[in-house]
Amino acid sequence: MKIGILTSGGDCPGLNAVIRGAVLKGIAIHGHEFVGFLDGWRGVVEGDIIPIPRTLVRGIAKQGGTILGTSRTNPFENGGGPDVIKAHMERLGIDAIIAIGGEGTLAAAKRLTDAGLKIVGVPKTVDNDLDATDYTFGFDTAVQIATEAIDRLRTTGESHHRCMIAEVMGRHVGWIALHAGMASGAHAILIPEQKVSIEQITKWVNEAHDRGRAPLVVVAEGFVPEHMESPHSERGLDTFGRPRLGGIADQLAPEIEARTGIETRATILGHIQRGGVPSAFDRVLATRLGMAAVDSVVEGRWGTMVSLNGTDIDHVGFEAALGKLKTVPQHRYDEAAVLFG
C-alpha cells in the first residue's frame, strides 16, 4: 500500500515524530510505501509529493517544525475538491492519506472522507482544544516554553516593581494559560472560559502589589473581559474563516496601569510557543499516535482519528473530535483561582 502523509495548519512540536512513527512501523511491520504531501493540503490539491524512505525520517523525532512543510490551504478552494484530489491520488498511485492537523485540518478531512476518500487523522494542536482526546502533542512543549518565558518576565518585573502581563496562545480555550500560569505562580490567570471584570483583575493585581510582589498576569489570547463581547482580533480571518486572535494583553496593560498606578508591561509570546524541539512527553505521544495511525490505515478505519484516552491510544470518528471544543472545566479553574491575588 502507498500512503501519503500531510501536516497542515499551524506547525507544532512533535509533527516530525508522528511522521517517523508512522513510516517506521509502516515499513517494518507492513511493508508499506510512504510519500509526503508538501505544505499540507496544498500538496494534496496540486499533487506535489516527495518520497519518504526510512532514511529520511532518521533522527527527526527531536526536530521541531515539520520536514514536509505546512500551510493553511483550504482543500476545497483554489481549484481543489474531492474530484481533483482523487485524480491526483490515482495518478500517483496513493491508496490512503494520513492527515496530521488540528480542527480545521480534521474538518476538511471529514468532508473529504464523506466524499469517498480514504483518510485517517492524527490530532495536532498546541492549544489542547480537540475533544475526544485527553492531550494533543505539542501542548506539553508549548506550556514548557511559556513557563520558561514567564519565569524570565517575572525577574525583570520584580527588578522594576512592575506588573507584567504575559499573553499565551490557546485560541478559544485556556489550557496553555492555566498550566503555564499555575506553573509560574501567576497572580491572575485569564482564560476564555471565564468572564472576569477589569475591576476583579485590578483587585488581584493590587493584592499582590500590596504584599510587596511584582504582579504577574497570564492571559490567553482568546480571553474576553466582561466589558467585551468577543475576543480581541484585529488581523482578519484565516483561510478557514476563523478570526486571527492576539493582542488582548496590549489592551489590558494600559487599563491596569491607569486603575492601579502600577507601571505595567505586556508581552505577547506568540509563535515562540510553537517553535523549537518537542519535550520528551510530546515525542513519545507523537510517535505512538503515528504508529497507531498506520494501524488505522491497515484496518480501513477511514474517517477516524487516533486519540489518547488515559494512557491508551484509541480510534474515534472525526465527528467526535469536531463536535465541540475541549474547554477548561470549572473545577480546574477553581483550583487555580485559590492562588490568585
From [X] atom [atom1] to [Y] atom [atom2], the distance as rounded to the nearest 0.5 Å:
X    : Y    : atom1 : atom2 : answer
D134 : L308 : CG    : CG    : 5.5 Å
N128 : I176 : CG    : CD1   : 8.0 Å
I67  : I52  : CD1   : CD1   : 6.0 Å
E255 : T202 : CD    : OG1   : 8.5 Å

Got a donor-acceptor contact below 3.5 angstrom from the [X] side chain to the [Y] backbone?
X    : Y    : value
K118 : G300 : no
T7   : G69  : yes
D11  : G65  : no
N16  : G64  : yes
D282 : T141 : yes
T70  : G9   : yes
T136 : T125 : yes
E193 : V328 : yes
R283 : P278 : yes
R211 : G341 : yes

State yes or no: are the ring centers of F281 and F139 separated by less than 6.0 Å?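 Here the rings of F139 and F281 have centres that are no less than 6.0 Å from each other.
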If you apply the rule side chain to side chain contact (heavy atoms under 4.5 Å, CB included), what do you find for W41 with L112, and how did you get there? CA-CA 11 Å; W41 290 116; L112 291 171; 3.6 Å; yes
Got a salt bridge between E199 and R259, using NZ or NE/NH1/NH2 to carboxylate O under 4.0 Å? yes
Pair T304-H315, side-chain donor/acceptor within less than 3.5 Å: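 Note: T304 and H315 side chains miss the donor-acceptor criterion.
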Show the numbers, then the answer: is there a salt bridge (charged side-chain N to carboxylate O under 4.0 Å, His left out) between E158 and R154? CA-CA 6 Å; E158 290 172 344; R154 183 162 213 160; 3.7 Å; yes
Please verify the inter-ring angle class for F34 with H32; under 30° counts as parallel, over 60° as perpendicular, anything in between as tilted.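 The rings of F34 and H32 stand perpendicular, inter-plane angle above 60°.
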So which heavy atom on H88 is nearest to which on V45, and how close?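 Between these two residues, the closest heavy atoms are NE2-O, 2.8 Å.
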